S.K.: 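Have a look at this one.
What you are looking at is a predicted structure, and each value in this text was computed from that prediction instead of being measured. Just so it is clear, the values below take in all heavy atoms, side chains as well, and ignore hydrogens, waters and symmetry mates. Both counts, for ligands and for their atoms, begin at 1 and track the order of listing.
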Amino acid sequence: MRVAIIGTGYVGLTTGVCLAFMGHTVSCLDSDEAKIKALWEGKIPIFEPFLEEVFHEALVNLTFTSTYAEAIPEAEVVFIAVGTPPTPSGAPNLEFLSQAARSIGQHITRDFVVVVNKSTVPIGSGNWVDSLLREAVASRADRSAVQFAVASNPEFLREGSALHDSLYPDRIVIGADEPRALEVLYTLYRPILDQTFTPPNFLPRPETVGAVPLLSTDLASAELIKYAANAFLALKISFINEIGLVAERVGANISEVGRGIGLDSRIGPRFLSAGIGWGGSCFGKDTAALIATAGEYGLHLPIVEAAKKINSRQRDRVVEKLLNELKILKGRTVGLLGLAFKPNTDDLREAPAIEIAQKLIDRGVRVKAHDPIAMEKFEQVYGKMGVQLCQNAEQVVEDCDAVVLVTEWNDYRELDWETLAKKMRAPLILDGRHTLDREKLTRAGVRYVSLS
Ligand code: UDX
């Protein structure tokens with residue numbers, strides 16, 4: 001099938017590359033001409049494991065453009081995957097979405113086109129996009145042959161494992177009020193639903209993956225599924241962090257508690273890792289948007305609100321713990337291991353490290369940091385913050401009064417703490433992700449502290 005994708009961020013580019021890998025002809029559109037030029041040159045603007053490899057395998061089916069007149073007329077399916085950044089009220093900014101919808105409406109030509117909201121958009125956006133398209137089509141002289149339907153196809157991919165999640169998803173959700181649109185999307189996703197494609201060598205199909213469940217719903221339900229899924233995952237993390245407070249007081253081990261409850265198949269083991277809490281572009285934005293949408297209907301969502309509060313308290317607890325251990329923070333040096341909001345990505349959006357670094361700097365602490373991938377981005381965006389970036393963990397720990405493990409990159413699990421401890425002014429580690437080996441560190445002479 002012929003597909004156009006508007007927006008080449010994490011979601012748009014991954015979706016485009018995967019659909020091209022399935023054999024569809026995909027045109028990726030982005031208003032950022034530098035990005036398009038880079039893509040033509042085979043350069044991927046984001047760090048995402050295996051994206052480059054799949055991109056090169058699918059290249060024959062991919063084109064890139066900044067022009068709607070090039071991408072849209074031939075397309076049978078158009079995905080809108082533009083950014084919807086949060087506004088101060090918590091409601092997402094829909095400017096890029098509306099621009100995309102209007103431009104699509106001006107250029108669709110086929111007798112039936114499915115326009116798919118892939119961006120995480122407020123409930124009701126499907127109807128809104130439909131009205132924008134209708135307006136744009138109505139303003140055209142050649143409108144008679146054009147027919148379209150709007151669908152919602154929420155994205156559940158995680159950064160750092162986006163390719164795996166796209167090729168082997170737990171489910172695909174499609175919402176549309178027009179049955180024809182559901183049929184088109186079913187055909188588009190068939191190779192993934194039936195798992196009939198030949199997996200790339202570097203991303204083999206897990207043995208447990210069979211046919212992928214497809215859930216077809218109305219538009220509003222698909223839109224709400226996305227918010228409810230992200231809110232639930234955020235709740236799970238905040239829940240284990242709340243239990244972590246109790247665990248700390250009663251002398252229980254929160255990792256064991258997490259394992260113990262997660263083995264109950266009704267609860268499930270994932271998203272129960274306690275620590276500094278969630279960051280990233282989705283959980284914060286989507287929980288805020290869900291609360292904002294509910295507010296428009298006069299509803300309060302105390303559970304979701306509490307999850308947000310608990311998450312933000314975890315950042316404060318890092319500072320409290322350091323204060324407790326070091327007594328005086330002013331004039332101290334603290335090293336941060338990890339800047340990205342999670343391992344295997346260079347994404348710094350709502351990264352806990354930024355908030356923690358700022359809180360420490362505000363208290364007169366000298367902050368040093370390292371990240372295996374995200375330092376260049378950090379320098380570009382947060383260069384003026386005053387964080388001293390180091391080339392490796394060894395440089396970070398040098399002369400530190402404490403080191404905080406913020407992001408659980410694999411590189412940090414295997415550090416030689418016997419050697420590192422000697423370089424620190426005071427060998428104190430705050431393991432913000434319950435990821436280091438407490439016994440090994442203690443043997444190396446490091447005082448090990450965790451958040452719970
Ligand atoms: C999330 C959703 O998982 C995905 O389905 C959605 O489409 C986009 O948002 P992402 O933000 O990429 O994906 O990362 P995810 O793996 O969900 O982690 C989010 C944050 O939660 C990270 O900061 C991670 O460190 C934190 N986390 C995750 C925990 O603190 N504990 C856990 O047990 C799991």
S.K.: Starting from atom 27 (N) of ligand 1, what is the nearest protein heavy atom, named by residue and atom, and what distance separates them?
M.R.: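 Sorting protein heavy atoms by distance from atom 27 (N) of ligand 1 puts Ile237 CD1, 3.4 Å first.
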S.K.: Please state which protein non-hydrogen atom is closest to atom 21 (O) of ligand 1 and give its distance, to 0.1 Å?
M.R.: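 Minimum-distance protein heavy atom for atom 21 (O) of ligand 1 reads Trp278 CB, 3.3 Å.
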S.K.: One residue to check: Gln314. Relative to ligand 1, which of side chain, backbone, both or neither has a non-hydrogen atom less than 4.0 Å away?
M.R.: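 Neither; nothing of Gln314 gets under 4.0 Å from ligand 1.
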S.K.: If hydrogens are left out, which of Phe341, Phe271, Phe156 has an atom nearest to atom 17 (O) of ligand 1, that is, the closest non-hydrogen atom?
M.R.: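 Selected option, by shortest heavy-atom distance: Phe271.
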S.K.: Salt bridge or not for Glu325 and Arg447, using N-O below 4.0 Å?
M.R.: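 So Glu325 pairs with Arg447 through a salt bridge.
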S.K.: Below the 3.5 angstrom mark, is there an N/O of Arg158, backbone or side chain, next to an N/O of ligand 1?
M.R.: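 Such a contact does not occur with ligand 1.
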S.K.: Tell me the nearest of Lys342, Lys236, Lys285, Arg349 to atom 14 (O) of ligand 1, using heavy-atom distances.
M.R.: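 Result: the heavy atom closest to atom 14 (O) of ligand 1 is in Lys342.
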S.K.: Salt bridge or not for Glu355 and Arg315, using N-O below 4.0 Å?
M.R.: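 The answer is yes: the pair qualifies as a salt bridge.
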S.K.: Quick check: Phe283 and ligand 1, any N/O pair under 3.5 Å apart?
M.R.: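 Not met; the criterion fails.
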S.K.: Of all the atoms in ligand 1, which lie at a distance below 4.0 Å from a heavy atom belonging to Leu272?
M.R.: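 Those of ligand 1 that fall under 4.0 Å from Leu272 are 33 (O).
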S.K.: Provide, to 0.1 Å, the distance between atom 33 (O) of ligand 1 and the closest protein heavy atom, together with that atom's residue and name.
M.R.: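 Going by distance alone, atom 33 (O) of ligand 1 is nearest to Ser273 N, 2.8 Å.
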S.K.: Taking atom CD of Gln99 as the centre, does the number of heavy atoms from other residues, nucleotides or ligands within less than 6.0 Å exceed 12?
M.R.: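 It does: Gln99 CD has more than 12 such atoms within range.
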S.K.: So does Arg349 have more than 12 non-hydrogen atoms from other groups sitting under 6.0 Å from CZ?
M.R.: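 Atom CZ in Arg349 is crowded, with more than 12 foreign heavy atoms closer than 6.0 Å.
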S.K.: Could you tell me whether Gly280 and ligand 1 have an N or O pair separated by under 3.5 Å?
M.R.: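 In this structure, Gly280 places no N or O atom under 3.5 Å from an N or O of ligand 1.
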S.K.: For Leu215, is there any backbone N or O sitting under 3.5 Å from a side-chain donor or acceptor partner on Arg171?
M.R.: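 No; zero donor-acceptor contacts below 3.5 Å.
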S.K.: Pull out every atom of ligand 1 sitting under 4.0 Å from any heavy atom of Lys226, numbered as shown with elements.
M.R.: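 Those qualifying, in numeric order: 6 (C), 7 (O).
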S.K.: Within the 4.0 Å heavy-atom shell around Glu155, which atoms of ligand 1 are there?
M.R.: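 That gives atoms 7 (O) of ligand 1.
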S.K.: Report yes or no: does a heavy atom of Gly279 sit under 4.0 Å from some atom of ligand 1?
M.R.: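 Heavy atoms of Gly279 do come under 4.0 Å of ligand 1.
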S.K.: Does Phe202, at its CZ atom, have more than 12 non-hydrogen atoms belonging to other residues, nucleotides or ligands within less than 6.0 Å?
M.R.: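 Yes, because the 6.0 Å sphere around CZ of Phe202 holds more than 12 heavy atoms from other groups.
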S.K.: With heavy atoms only and a cut-off of under 4.0 Å, state how Asn230 meets ligand 1: side chain, backbone, both or neither.
M.R.: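 The answer is the side chain of Asn230.
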S.K.: Is there a donor in the side chain of Arg366 and an acceptor in the side chain of Thr333, or the other way round, less than 3.5 Å apart?
M.R.: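 There is such a pair (donor and acceptor under 3.5 Å, judged by atom type) between the side chains of Arg366 and Thr333.
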S.K.: With a 4.0 Å cut-off, would you call Glu248 and Arg317 a salt bridge?
M.R.: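 Salt bridge between Glu248 and Arg317, a charged N being under 4.0 Å from a carboxylate O: yes.
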S.K.: Which atom pair, heavy atoms only, marks the closest approach of Trp278 to Ser238?
M.R.: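 Between these two residues, the closest heavy atoms are NE1-OG, 3.4 Å.
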S.K.: Hey, would you say the Phe156 and Tyr227 ring centroids sit under 6.0 Å apart?
M.R.: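 So the answer is no for these two rings.
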S.K.: Distance under 6.0 Å and angle within 45° of the ring axis: does Arg205 meet both against Phe197?
M.R.: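 Satisfied, under 6.0 Å and within 45°.
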S.K.: Indicate yes or no: does an N/O atom of Glu159 lie under 3.5 Å from an N/O atom of ligand 1?
M.R.: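 There is such a contact, yes.
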S.K.: Going by the atom numbers of ligand 1, which of them fall below 4.0 Å from some non-hydrogen atom of Cys282?
M.R.: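 Selected atoms, number and element: 8 (C), 9 (O).
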S.K.: Show me which atoms of ligand 1 lie under 4.0 Å from any heavy atom of Arg433.
M.R.: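 This gives 25 (O), 30 (O) as the contact atoms.
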